[in-house]
Amino acid sequence: MRLSKTPLGTLREDPADADVPSHRLLARAGLIHKIAAGIYSYSPLMWRVIKKIKNIVREELDREGGQEILMPIMQPRELWEESGRWARYVAEGIMFHLKDKRGTEVCLGPTHEEVVTTYAKRVLHSYKQLPVNFYQIQDKFRDEIRPRFGLMRGREFMMKDAYSFDATSKGLDASYDAMKRAYTAIFTRCGLDFRSVQADAGAIGGEGGSEEFMVIAATGEDAILYCPESGYAANVEKAGSRVEPSPDAGEAQALDKRETPNVRTVEQLEEFFDMKAIRMAKTILYNATWVDREETVAVLVRGDLEVNNVKLTNALGALAVTLADEEAIKKATGADVGFAGPIGLPEGTRIIGDKTLRKATNLLTGCCETDYHCLNVNLGRDCPEPEWHDVRTARAGELSPDGKGELVETRGIEVGHIFKLGTVYSEKMEAQFTAESGKLAPFHMGCYGIGVTRTAASAVEQNHDELGIIWPRPIAPFEVVVAVLDAKKNDQVELATKLYDELRATGTDVCFDDRKMSAGAKFKDLELIGFPLRIVVGRKAADGIVEFSTRKDLEKQEISASEAVAAVRG
RNA sequence: CGGGGCGUGGCGCAGCUUGGCUAGCGCGCUUGCUUCGGGAGCAAGAGGUCGGAGGUUCGAAUCCUCUCGCCCCGACCA
């Protein structure tokens, strides 16, 4: 490709709406063009990047036995009623849906479990056909509450989604492991620094394990915790840890109500009673939402710890939880904010207790009365026995759940997510096959996603400097650029053209910067776009000398044209 | 959805508070001459319903109302 013939559209200034590096640089380099919030066009060069990522994905999935298919973007409501997800996705406002002129409802697919399960049901009838893994690379649509960060969180984006069908859960384990291998190979080949972590399965649901593949980057939207000693790694939404056990407070003693005027926070209580937070139980009221109802629930967590919303949502089996507002708190406790406690809540209020409090005795808590707290509270004696769950947020510095070392925190961009769905969808949608026993059995399913466009953005997020993008070679728009510095000088043009032709002839992924422009501007453009290797044909062209450099270190080497060819290919 | 901010040639912005004549600046674009290894100089040009609708006024980018869009901060996901 001659760069004189492609619209580069590089910008000298940062676009006003971009603030993370990948968004800023992709836009400045002219690689993406915004059409609406979270909706982009890709330039010819960007499309090459995406195609390269797609090809790596294809090769590695095919290697593990994946078979590429293509499923529709528009999906009928009935299908989503079968799986029971229509209401949830509509309630969460995450799905684009519309009616056709007859009033039939369809959605723009945010994911394809329903469609693929229906397909599998039609074409897979016997255990002899299993296992099988179907995948597609298709645009996905999600009505994100807040699209942002350019390609990081779009409303229309490109995703590879794969679905495995097995006869047994053991088979599913093997299919899942195969995908894990494929994902590891894919992100390694893309040249990314990543880590796989245990994850929450979220709205996709399912009964089995789930892991996310995270590209390590400071601007990542997810916090992850890992243990360098044991290799344990998890999204904070999911992460467990070992914390200092609650101190032994002895046998239960008589409840002791104390006046605590205007003492509302854990810090104030520590001072007022000269007692550590670890001996207290915070009572936090949440408003939880289910498909058909809303309810205020009380959550008890040790004074020195924090509640994890995702764990709480899962514990309740709710769609979502939000902190109760002041009005709701007053209504539920009959007291001012800061005095909620397990004692004195309305009859029937669900109380969730974090497991760290299970054996604790003689706690300090609120008691739903303004300006009072209680000492020697014993859960189950002074209030109904809480439902015990792990609803606590793990933190860096705490011990890994395996006890082998301390947890360290870092941030990551979720580029891949693999799930064991089990039989949830196949049962709901009656997707069955004839097993070896001759009886019908539901498929054991797995589902596996890769954000293709997000992967491209994360590569930029992880590989850039103040001058621009530094594409990893396997996914660069072109691996090599041959640039004529002065496109009006015949000797330069001749040598450069010869080099370009020669490299092309040997199958090198090379483009030719034959644009007539000043040298400085040309360098800036090429550095912004980020081709990994550069051959500059300049004033020494007559002697057959060119300049070779890599985008990464920009160190220039004057070598002969033939040496340059060797350098590129070596 | 709640809170904050912004819509002015392709991009980045000024002008708006205190209405006033042909709406400016930088980048980019076109043409010519010069320049030619780190975003060149000079000259001449092209390009704008000031997001949209309604209103106030002799007069609106500027004031009022409505509306659409975009960005940033909070709960979801690849």
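These figures come from a predicted structure and were not determined experimentally. Each chain gets a letter, A, B and so on, in the order the sequences are listed, and its residues count up from 1.
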ask   = How do A:T313 and A:K488 order along RNA chain B: which one's closest nucleotide is nearer the 5' end?
value = A:K488
query = Which sits closer to the 5' end of RNA chain B, A:N235 or A:L11, going by the nucleotide each is nearest to?
reply =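 Looking at RNA chain B, the more 5' nearest nucleotide goes with A:L11.
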Base, sugar-phosphate or nothing for [X]? Non-hydrogen atoms, less than 4.0 Å.
| X | value |
| --- | --- |
| A:I145 | base |
| A:M152 | base |
| A:D139 | nothing |
| A:G150 | nothing |
| A:T322 | nothing |
| A:A36 | sugar-phosphate |
| A:V215 | nothing |
| A:G416 | sugar-phosphate |
| A:D161 | nothing |
| A:K516 | nothing |
| A:A521 | base |
| A:R24 | nothing |

Could you check which of [options] has an atom nearest any side-chain atom of [X]?
| X | options | answer |
| --- | --- | --- |
| A:K556 | B:G38, B:G39, B:C77 | B:G38 |
| A:A37 | B:C71, B:G39, B:A78 | B:C71 |
| A:T10 | B:C13, B:G39, B:C76 | B:G39 |
| A:E527 | B:G38, B:C72, B:C77 | B:G38 |
| A:R534 | B:G37, B:G38, B:C76 | B:G38 |
| A:R454 | B:G26, B:C77, B:C13 | B:C77 |
| A:A519 | B:G38, B:G37, B:A78 | B:G37 |
| A:E13 | B:C13, B:G26, B:C72 | B:G26 |

Are [X] and [Y] close enough that their ring centres sit under 6.0 Å apart?
| X | Y | result |
| --- | --- | --- |
| A:Y448 | A:F419 | no |
| A:W86 | A:H97 | yes |
| A:W471 | A:F531 | no |

Please evaluate the base of [N] for a donor-acceptor partner in the side chain of [X] within a cut-off of under 3.5 Å?
| X | N | value |
| --- | --- | --- |
| A:D222 | B:C77 | yes |
| A:D525 | B:G39 | yes |
| A:K540 | B:G37 | no |
| A:R155 | B:C77 | no |

Let me know the distance between [atom1] of [X] and [atom2] of [N], rounded to the nearest Å.
| X | N | atom1 | atom2 | result |
| --- | --- | --- | --- | --- |
| A:D513 | B:G39 | CG | C1' | 14 Å |
| A:E212 | B:C76 | CD | P | 12 Å |
| A:L312 | B:C76 | CG | C1' | 15 Å |
| A:R148 | B:A75 | CZ | C1' | 10 Å |
| A:I39 | B:G69 | CD1 | P | 11 Å |
| A:H112 | B:A78 | NE2 | P | 14 Å |
| A:E144 | B:A75 | CD | P | 14 Å |
| A:I418 | B:A78 | CD1 | P | 12 Å |

Taking only side-chain nitrogens and oxygens of [X], does any of them come within less than 4.0 Å of OP1 or OP2 of [N]?
| X | N | result |
| --- | --- | --- |
| A:K34 | B:C71 | yes |
| A:S518 | B:A40 | yes |
| A:R12 | B:G28 | yes |
| A:R153 | B:C77 | no |
| A:R146 | B:C72 | yes |

ask   = With no hydrogens and no angle check, do the side chains of A:E211 and A:Y176 hold a donor and an acceptor under 3.5 Å apart?
value =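 Yes, because at least one side-chain N or O of A:E211 sits under 3.5 Å from a partner of the opposite role on A:Y176.
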ask   = Does a donor on one side chain sit under 3.5 Å from an acceptor on the other, for A:Q492 and A:D486?
value =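 No, no side-chain donor-acceptor contact under 3.5 Å.
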Could you identify the nucleotide paired to [N], looking across every strand shown and requiring Watson-Crick or G-U wobble geometry with both distances under 3.5 Å?
| N | answer |
| --- | --- |
| B:C76 | none |
| B:G7 | B:C68 |
| B:U30 | B:A44 |

[atom1] spacing across the pair [N] / [M], given as an integer number of angstrom:
| N | M | atom1 | value |
| --- | --- | --- | --- |
| B:G47 | B:U65 | P | 36 Å |
| B:G26 | B:C70 | C1' | 23 Å |
| B:C42 | B:C27 | P | 10 Å |
| B:G9 | B:G19 | P | 24 Å |
| B:U35 | B:C72 | P | 47 Å |
| B:A43 | B:G7 | C1' | 35 Å |

Lys/Arg N to Asp/Glu carboxylate O, A:E68 vs A:R58, below 4.0 Å = yes
ask   = Would A:T393 and A:E306 satisfy side chain to side chain donor-acceptor pair (under 3.5 Å), going step by step from the backbone distance to the final call?
value = CA-CA 6 Å; A:T393 303; A:E306 299 296 331; over 6 Å; no
task = Test A:Y163 against A:D161 for side chain to side chain donor-acceptor pair (under 3.5 Å), laying out the working first.
result = CA-CA 7 Å; A:Y163 306 88; A:D161 45 323; 2.5 Å; yes
inquiry  = Is there aromatic stacking of A:F523 on B:G37 here, judged by a ring-centre distance under 5.5 Å and a plane angle under 30°?
reply    = no
query = Checking A:E64 side chain against A:L61 main chain: does a donor-acceptor pair fall under 3.5 Å?
reply =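 Judged by distance alone, no pair lies under 3.5 Å.
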ask   = Could you walk me through whether A:N314 and A:D200 pass the side chain to side chain donor-acceptor pair (under 3.5 Å) check?
value = CA-CA 9 Å; A:N314 290 339; A:D200 175 65; 2.5 Å; yes
